[in-house]
Q: 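I have a structure I would like to understand better, so I am pasting it below and will then ask my questions one at a time.
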Protein chains: 2
Amino acid sequence: MNKAAQLEASELLKNADVYPSYQRIMVLASLFESDEHPSADALFKQLGSNVPTISRATVYNTLNLLVDKGVIRSLHTAGAETHFDSVSETHGHFFCRKCKKIYDIPQQNTEVKHELDGHLVESQELVFTGLCKECRE
Amino acid sequence: MNKAAQLEASELLKNADVYPSYQRIMVLASLFESDEHPSADALFKQLGSNVPTISRATVYNTLNLLVDKGVIRSLHTAGAETHFDSVSETHGHFFCRKCKKIYDIPQQNTEVKHELDGHLVESQELVFTGLCKECRE
DNA sequence: TACTCTATTTAGATTAAATCTAAATTTAGA
DNA sequence: TCTAAATTTAGATTTAATCTAAATAGAGTA
């Protein structure tokens, strides 16, 4: 429903050379609006009310495409699902093994590498795992 | 078959307060012997010839137990499977999105954090993704 | 040794995240 | 409008990982 998020999504899609279909706009805008780090399935369910006919495959396809294009980031933790992050500034994440929540962690000395031992680096992920503030008690 | 690896595995299990059953010793020794970063299923298949009756569940249970105990590390990449690493020194990994191989990356300024924004940090993972040396060409 | 309780392992069924497939729909260009 | 390419859809399929219930192995006691 957030028009601003949809406009921003549309712009980002165009800039990434991805046709801004209604479904893609809604997937990306929906990711913007959730300040958590939703999984593909969580997004699919969240989208259900706004885009009743959207299919799971479209959500997965769109998210994977946008990761490839560098528009969003994928997050791989000890949890079963892949999560997605719309924020492009480099930062780390903390994964709570108990409540499964993911927290943003400001990343120090963020020297982004483009090559490493001869390998071409396209992205990097720093993930901490443990017990979050809430679950420690 | 490697007796030395089995002895080392047995010692590590005892130190971690885990009963060193034949199967657990073989799983850990098998992980030592593979210089790659095998998935649970790859280990299961590799073990097949030495421990014909070992079950998938035992391999998964053992690996998960050892991750919990801090004896080994789990690796979460853009690939579907979880991989495992027997090396305990902190280091990063590079995941090739084409050939799916995982390379060790020496990790600079390895200041291991134990707390972060109030969260209790138990482990950390640094994973780079891209095209490896071989696949770039 | 015999008995009991607990820990571990096993084979196969089950779950669930993610992908695949083939048909339907939408879009862009002639 | 017509055609070809791109996108979406619903549901089937795949597969990594977990779960279940029974079998086996180990430890402690008499």
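All of these numbers come straight from a predicted model, not from anything done at the bench.
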Q: Round to the nearest Å and state the distance from A:K45 atom NZ to C:dA16 atom C1'.
A: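 Nearest whole value for this atom pair: 10 Å.
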
Q: If you apply the rule side chain to side chain donor-acceptor pair (under 3.5 Å), what do you find for B:Q46 with B:S30, and how did you get there?
A: CA-CA 8 Å; B:Q46 186 183 312; B:S30 201; 2.9 Å; yes

Q: For the pair made of CD in B:Q23 and P in D:dA23, what is the distance, rounded to whole Å?
A: 18 Å

Q: Find the distance A:Y22:OH to C:dT25:C1' and express it as a whole number of Å.
A: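 Rounded to the whole Å, the gap is 16 Å.
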
Q: B:H83 NE2 to D:dA17 C1': how many Å, rounded?
A: 13 Å

Q: Whole angstroms only, please: what is the NE2-C1' distance between B:H76 and D:dA17?
A: 11 Å

Q: Tell me: CG of B:L65 to P of C:dT8, nearest whole Å?
A: 8 Å

Q: Can you find a side chain N or O atom of B:N61 that sits less than 4.0 Å from OP1 or OP2 on C:dT10?
A: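 No, outside the criterion.
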
Q: Would B:E115 and A:K133 pass as an ion pair if we require N to O under 4.0 Å?
A: no

Q: Counting just side-chain N and O atoms, does B:Y60 come under 4.0 Å of either OP1 or OP2 of D:dA17?
A: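 Affirmative; the distance criterion is met.
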
Q: More 5' along DNA chain D: B:Y19 or B:R56, using each one's nearest nucleotide?
A: B:R56

Q: In the structure I gave you, are the side-chain heavy atoms of B:K69 and B:V18 within less than 4.5 Å of one another anywhere?
A: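 Sidechains of B:V18 and B:K69: in contact.
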
Q: If D:dA25 has a Watson-Crick or G-U wobble mate with both distances under 3.5 Å, name it; if not, just say none.
A: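 Its partner is C:dT6.
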
Q: Do A:F95 and A:K100 touch side chain to side chain, with heavy atoms closer than 4.5 Å?
A: yes

Q: State whether A:S39 places a side-chain N or O below 4.0 Å from either non-bridging phosphate oxygen (OP1 or OP2) of C:dA17.
A: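 Checking C:dA17 against A:S39, no side-chain N or O comes under 4.0 Å of OP1 or OP2.
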
Q: State which of C:dA17, C:dA18, D:dA17 makes the closest approach to the side chain of A:T82.
A: C:dA18

Q: Under 4.0 Å between a side-chain N/O of B:R24 and OP1 or OP2 of C:dT8, yes or no?
A: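 For C:dT8, OP1 or OP2 has a side-chain N or O of B:R24 closer than 4.0 Å.
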
Q: Checking all strands, does A:N64 fall into the base, sugar-phosphate, or nothing category for heavy-atom contacts under 4.0 angstrom?
A: sugar-phosphate

Q: Closer than 4.0 Å, any side-chain N/O of A:S21 to the OP1 or OP2 of D:dT8?
A: yes

Q: I'd like to check A:E81 versus A:D41 (side-chain heavy atoms, cut-off strictly below 4.5 Å). Are they in contact?
A: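 Yes. Closest side-chain heavy atoms under 4.5 Å.
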
Q: Any side-chain N or O of A:T53 below 4.0 angstrom from OP1/OP2 of D:dT9?
A: yes

Q: Over how many whole Å does the gap from A:E81 atom CD to D:dT15 atom C1' extend?
A: 16 Å

Q: I need the CD1-P distance between B:I54 and C:dG12, as an integer number of Å.
A: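 These atoms are roughly 16 Å apart.
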
